[in-house]
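Small disclaimer: the values here were computed from a predicted structure and weren't measured. Just follow the structure's listing: the first ligand is 1, and inside any ligand the first atom is 1.
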Amino acid sequence: MPGTRTAVIIGAGLIGLSTADSLSRRGVEVTVLDARPGPVRGTSFSNSGMIHPSQARSWSPSRSSTRAQCDAESAVRELATESMPLLLSRMEELGLDEMRARPRGCYQIFPDLDAARAVQTQLASDGITANVVIDPGRTFSRPALFFPDDRSGDARAYGCALEAELARRGVTFIYGADDVRMRWDSEAGRVAVSLAGHRFRADDVVICTGERSAETLAPLGLGARISPVRGWAVDFDLPETHDLPPVPVMDSVSRSALTVFADRFRLSGTWDEDSARPLLERWAELIPDVLSAAGQARAVWSGLRPVSDAGRPYIGAAPIPADRGDTAGEPGTPSRLWVNIGHGHMGWTLCAGAGELLAAMMVGEREDGRFAYGG
Ligand SMILES: Cc1cc2nc3c(=O)[nH]c(=O)nc-3n(C[C@H](O)[C@H](O)[C@H](O)COP(=O)(O)OP(=O)(O)OC[C@H]3O[C@@H](n4cnc5c(N)ncnc54)[C@H](O)[C@@H]3O)c2cc1C
């Protein structure tokens with residue numbers, strides 16, 4: 001329709017899909033391009049499924065307690081809190097009633113009670129509720145914190161359902177788009193996107209390329225301080241009889257989790273290990289009987305978390321780079337190139353809120369400097 005605002009989104013992971021959703025609700029005509037053959041095939045494919053505002057803090061071993069780091073963590077906490085009701089209402093609209101009705105909460109187990117209490121005290125000062133528990137069945141007799149405000153759900157199932165709904169609403173998806181070209185357009189003063197010689201009509205271009213964001217932005221003269229941090233996921237069939245906890249159990253030692261989904265359970269996480277072996281060895285210590293009853297793994301997967309140096313995602317307009325001022329506007333001023341990148345270990349938790357925030361900024365409903373782009 002002439003006059004309708006148009007946007008091209010690069011990336012059909014949880015973040016790109018959520019951004020497409022929020023833009024299309026605002027009447028923007030959206031096209032989503034992804035290099036892979038379908039939606040949610042990147043890092044969003046097989047994550048731990050935890051919607052966990054409780055973990056809205058840096059997982060990096062080099063975490064500092066500088067003012068900037070504290071501000072970043074509190075911004076992520078706020079966004080996680082905004083995202084939760086939105087994500088639940090999206091699940092309801094998509095008819096994902098079982099996912100929405102999953103029992104609330106997540107556990108995190110610790111080597112000893114003192115370690116659990118220390119984290120509880122730290123979280124309380126950030127306003128996060130965590131109760132100390134030792135439940136032989138659910139926490140494998142380990143001291144644990146229970147986070148009653150966390151939730152869980154199958155992120156891939158959600159992403160696929162959202163993509164199908166967006167397609168019904170008129171969003172265009174192009175997969176196998178592994179040679180997307182972008183350049184600053186001197187006449188239009190914005191970014192031109194083309195694929196196999198076809199140029200897209202796009203008032204706005206949105207980068208949701210997860211761990212590949214630095215390489216995606218480089219041809220435009222922009223950087224992205226995002227490091228890919230590998231994690232693993234190993235799926236098993238549920239043993240015929242089992243007593244596994246219905247909510248995820250995180251292990252503070254290995255930064256991994258056990259999550260039960262409808263027909264399988266998943267061990268997933270770890271921080272930048274080369275193989276799934278440390279993950280499996282750790283859970284063999286924690287639940288030896290379950291693992292021997294489960295037998296062969298059904299699937300082994302690894303993905304790269306897009307971890308930003310700033311300890312928070314970048315959500316907002318990218319600035320016009322210094323050497324493009326003559327063509328696209330004043331260097332350093334916001335352009336109509338937008339980013340929604342760097343969600344680290346929190347992308348499933350933040351997706352609905354991050355998509356909504358960026359869409360609101362793009363149409364001028366909201367201004368927000370908390371997640372300003374820092375290439
Ligand atoms: C083991 C593991 C467990 C996790 N557990 C949780 C959890 O319990 N809770 C939670 O909140 N988060 C969790 N996460 C983090 C979460 O999965 C990520 O933050 C999230 O998936 C990132 O989504 P994304 O859309 O930014 O990236 P992706 O899902 O990677 O999507 C990016 C897409 O962009 C496409 N793309 C990239 N570059 C280009 C290009 N140049 N051209 C075309 N297409 C391109 C890719 O093909 C990909 O499909 C976990 C991550 C891992 C690895």
**Prompt:** So which protein heavy atom does atom 43 (C) of ligand 1 come closest to, and at what separation?
**Reply:** A35 N, 3.3 Å

**Item:** D204 and R336 ion-paired at < 4.0 Å
**Value:** yes

**Request:** From the options L304, D34, I9, I15, select the one whose nearest heavy atom is closest to atom 33 (C) of ligand 1.
**Result:** D34

**Request:** Would you check the N or O atoms of S268, main chain and side chain alike, for any that come under 3.5 Å of an N or O of ligand 1?
**Result:** no

**Item:** Per-atom contacts, ligand 1 versus G303 - under 4.0 Å to a heavy atom
**Value:** 53 (C)

**Message:** More than 12 heavy atoms of other residues, nucleotides or ligands under 6.0 Å from CZ of R277: yes or no?
**Reply:** no

**Request:** Could you list the atoms of ligand 1 found under 4.0 angstrom from a heavy atom of A177?
**Result:** 42 (N), 43 (C)

**Prompt:** Is the closest N or O pair between T349 and ligand 1 shorter than 3.5 Å?
**Reply:** yes

**Complete:** The protein heavy atom nearest to atom 46 (C) of ligand 1 is R36 NH1, 3.2 Å

**Prompt:** Just checking, any donor-acceptor pair under 3.5 angstrom between side chains of D251 and S254?
**Reply:** yes

**Complete:** Under 4.0 Å from one or more heavy atoms of G42, ligand 1 contributes atoms 29 (O), 30 (O), 49 (O)

**Prompt:** What do we get for I10 next to ligand 1 when only non-hydrogen atoms under 4.0 Å count, side chain, backbone, both or neither?
**Reply:** side chain

**Asked** Just wondering, are more than 12 heavy atoms of other shown residues or ligands nearer than 6.0 Å to CG in D263?
**Response** yes

**Complete:** So the atoms of ligand 1 within less than 4.0 Å of a heavy atom of W232 turn out to be 1 (C)

**Item:** Heavy-atom nearest neighbour of atom 19 (O) of ligand 1 within options A354, G344, G13
**Value:** G344

**Donor-acceptor side-chain pairing of W232 and S275 below 3.5 angstrom** = no

**Prompt:** Between the side chains of S194 and R181, is a donor N or O closer than 3.5 angstrom to an acceptor N or O?
**Reply:** no

**Prompt:** Could an N or O of ligand 1 be found under 3.5 Å from any N or O of S44, whether backbone or side chain?
**Reply:** yes

**Asked** Are any of the heavy atoms in E211 under 4.0 Å away from ligand 1?
**Response** no

**Asked** Is any NZ, NE, NH1 or NH2 atom of the basic residue among E356 and R366 found under 4.0 Å from an Asp or Glu carboxylate oxygen of the other?
**Response** no

**Message:** Using a 3.5 Å cut-off on N or O atoms only, is G11 in polar contact with ligand 1?
**Reply:** no

**Request:** Determine whether any heavy atom of C208 lies closer than 4.0 Å to an atom of ligand 1.
**Result:** yes

**Any N or O of W301 closer than 3.5 Å to N or O of ligand 1** = no

**Message:** Can you report which non-hydrogen protein atom sits closest to atom 13 (C) of ligand 1, along with the distance?
**Reply:** H345 O, 3.4 Å

**Prompt:** Within the distance-only criterion (no hydrogens, no angle test), does the side chain of S213 pair as donor or acceptor with the backbone N or O of G210 below 3.5 angstrom?
**Reply:** yes

**Prompt:** Does the pair R190/D185 count as a salt bridge with the N-to-O cut at 4.0 Å?
**Reply:** no

**Nearest-0.5 Å distance that lies between atom CZ in F236 and atom CZ in F265** = 5.5 Å

**Request:** Flag T43 as yes when one of its N or O atoms lies below 3.5 Å from any N or O atom of ligand 1, and as no otherwise.
**Result:** yes

**Prompt:** Among the heavy atoms of R41, does any lie under 4.0 Å from an atom of ligand 1?
**Reply:** no

**Request:** Work out whether the distance between some heavy atom of F45 and some atom of ligand 1 is less than 4.0 Å.
**Result:** no

**Message:** Could you identify the single nearest non-hydrogen protein atom to atom 5 (N) of ligand 1 and state the distance to 0.1 Å?
**Reply:** S48 N, 3.1 Å

**Request:** With C106 as reference, evaluate S54, P248, P245 under the side chain to side chain contact (heavy atoms under 4.5 Å, CB included) test and give the passing residue.
**Result:** P248

**Message:** Below a 4.0 angstrom heavy-atom separation, can you tell me which part of T216, side chain or backbone, both or neither, approaches ligand 1?
**Reply:** side chain

**Complete:** In this structure, atom 17 (O) of ligand 1 is nearest to the protein heavy atom N47 ND2, 3.0 Å

**Request:** Look at atom 39 (C) of ligand 1 and say which protein heavy atom is nearest, naming residue and atom and giving the distance to 0.1 Å.
**Result:** T209 CG2, 3.6 Å

**Prompt:** Side-chain donor-acceptor pair under 3.5 Å between T259 and R266, yes or no?
**Reply:** no

**Prompt:** Is there any N or O on I51 that sits under 3.5 Å from an N or O of ligand 1?
**Reply:** no

**Prompt:** Between the main-chain N or O of L337 and the side-chain N or O of S335, is there a donor-acceptor pair closer than 3.5 Å?
**Reply:** yes

**Request:** Could you find the nearest protein heavy atom to atom 7 (C) of ligand 1 and give me its residue, atom name and distance?
**Result:** M50 O, 3.5 Å

**Asked** Should you measure from each heavy atom of L14, which atoms of ligand 1 turn up under 4.0 Å away?
**Response** 25 (O)

**Message:** Could you check whether D154 pairs with R264 (Lys NZ or Arg NE/NH1/NH2 to Asp/Glu carboxylate O, under 4.0 Å)?
**Reply:** yes

**Asked** Does the N or O separation between G347 and ligand 1 drop below 3.5 Å for any pair?
**Response** yes

**Request:** May I ask you to say whether E78 pairs ionically with R370, meaning some side-chain N is under 4.0 Å from a carboxylate O?
**Result:** yes

**Message:** Determine whether L88 and R151 satisfy the following criterion, side chain to side chain contact (heavy atoms under 4.5 Å, CB included), listing intermediate values before the conclusion.
**Reply:** CA-CA 10 Å; L88 292 171; R151 300 266 192 153; 3.9 Å; yes

**Asked** Quick one: nearest non-hydrogen protein atom to atom 51 (C) of ligand 1, plus distance?
**Response** R305 CG, 3.7 Å

**Complete:** Residues passing the salt bridge (charged side-chain N to carboxylate O under 4.0 Å, His left out) test with R77, sequence neighbours excluded, are D126

**Prompt:** What about S46: any of its N or O atoms under 3.5 Å from an N or O on ligand 1?
**Reply:** no

**Item:** E273 backbone acceptor or donor facing T270 side chain under 3.5 Å
**Value:** no

**Asked** Atoms of ligand 1 less than 4.0 Å from M346 heavy atoms?
**Response** 10 (C), 11 (O), 12 (N)

